[in-house]
Amino acid sequence: MPTPPPSWFERDPLELAPLLLGGVLRRADAAGAVALRVTEVEAYRGADDPGAHSFRGMTQRNATMFGPGGHVYCYFTYGMHHAVNIVAGPAGSGWGVLVRAGEVVEGRALALERRSARRASPPTGELARGPGNVAQALGATLADDAAPLSDATFADSTLSDATPAGPSAAGSAERGAWSFVPAAASVPHATGPRVGVSGPGGDAIAHPWRYWMPGEPSVSAYRPATPRRRA
DNA sequence: ATAGCGATGTCCT
DNA sequence: GGACATCGCTATC
């Protein structure tokens with residue numbers, strides 16, 4: 001089944017988020033391919049969502065969110081984590097859906113290798129549980145920011161085609177080839193507050209914009225947003 | 001259950 | 001310059 005056209009992603013994240021559940025997100029690079037069945041996501045909107053990176057307008061980091069849907073918004077945080085979003089909506093909207101968890105269905109050995117490379121102790125839980133682990137399993141880095149979700153897989157294209165003029169000068173991180181295949185049929189899902197989103201007013205942004213597949217072991221346990229210290 | 005903490009890019013002052 | 005980040009792991013009550 002082919003990756004849907006870019007326009008498929010150009011809808012409200014509240015509508016797109018549940019459609020992503022059960023679909024397969026895949027990234028391939030020279031090291032190989034890892035794919036995961038998406039089990040948990042969070043919708044983020046723009047100017048009307050204080051929890052979104054795009055709330056305060058476009059910056060260098062979040063510029064990809066303001067592009068057209070169907071691209072990967074990848075950022076780095078907490079000094080050690082990358083996170084993967086799928087940009088939603090038309091260009092200019094600043095909408096996106098954060099991929100919080102998934103079940104690794106391809107390239108499990110590679111995903112395991114990537115985690116072990118950064119953790120002394122062997123992994124205890126699921127390989128793609130939590131946004132940081134999702135990015136790590138897929139091998140996503142800042143080099144993947146703005147990568148398109150396309151039909152082009154690593155198998156179909158040469159390495160040079162898959163990584164056009166990437167920051168390979170540094171020799172380290174390389175942009176992978178991304179694709180997403182929606183589930184054949186919509187899957188049952190539950191909703192609840194997003195994780196790690198808080199701010200002045202607290203409840204004001206406590207929208208139930210987290211979507212997950214009940215019973216999936218890869219879905220991260222809910223943890224209330226850490227209250228922000230106030231001056 | 002919950003608190004501490006790592007380790008750094010990004011943005012605001 | 002400094003606060004904080006769409007955590008996740010680990011240690012301790």
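Below, all heavy atoms of this structure are taken into account, side chains as well, without hydrogens, waters or symmetry copies. In what follows, every chain begins at residue 1, and chains take the letters A, B, ... in the order their sequences are listed.
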Do any side-chain nitrogens or oxygens of [X] fall under 4.0 Å of OP1 or OP2 in [N]?
X: A:Thr59; N: B:dC11; result: yes
X: A:Arg115; N: C:dC9; result: yes
X: A:Arg56; N: B:dC12; result: no

- Task: State, to 0.1 Å, how close A:Gly46 and A:Ser54 come at their nearest heavy-atom pair, and which atoms those are.
- Result: CA-OG, 3.4 Å

- Query: So which heavy atom on A:Ser93 is nearest to which on A:Ala88, and how close?
  - Reply: OG-O, 3.5 Å

With rounding to the nearest 0.5 Å, note down the distance linking [atom1] in [X] to [atom2] in [Y].
X: A:Leu14; Y: A:Leu19; atom1: CG; atom2: CG; result: 11.5 Å
X: A:Glu40; Y: A:Tyr211; atom1: CD; atom2: OH; result: 13.0 Å
X: A:Arg26; Y: A:Trp178; atom1: CZ; atom2: CH2; result: 12.0 Å

- Query: Can we say A:Asp12 and A:Arg45 salt-bridge, meaning some charged N sits less than 4.0 Å from an Asp/Glu carboxylate O?
  - Reply: yes

- Item | Pairing of A:Asp49 and A:Arg56 as salt bridge, 4.0 angstrom limit | no

Calculate the interatomic distance between [X] atom [atom1] and [N] atom [atom2]; express it in whole Å.
X: A:Met58; N: B:dT10; atom1: CE; atom2: P; result: 15 Å
X: A:Asn62; N: B:dC12; atom1: CG; atom2: C1'; result: 14 Å
X: A:His82; N: B:dT10; atom1: NE2; atom2: C1'; result: 14 Å
X: A:His81; N: C:dC7; atom1: NE2; atom2: C1'; result: 4 Å
X: A:Asn133; N: C:dG8; atom1: CG; atom2: P; result: 6 Å
X: A:Leu142; N: C:dA5; atom1: CG; atom2: C1'; result: 14 Å
X: A:Tyr78; N: B:dA7; atom1: OH; atom2: C1'; result: 13 Å
X: A:Met80; N: B:dA7; atom1: CE; atom2: C1'; result: 7 Å

- Taking C:dA5, C:dC7, B:dG9 as options, the one with an atom nearest any side-chain atom of A:Phe76 is B:dG9

- Consecutive Watson-Crick or G-U pairs in runs of at least 3, all under 3.5 Å, in which DNA chain C is involved: B:1-6 with C:7-12, B:8-12 with C:1-5

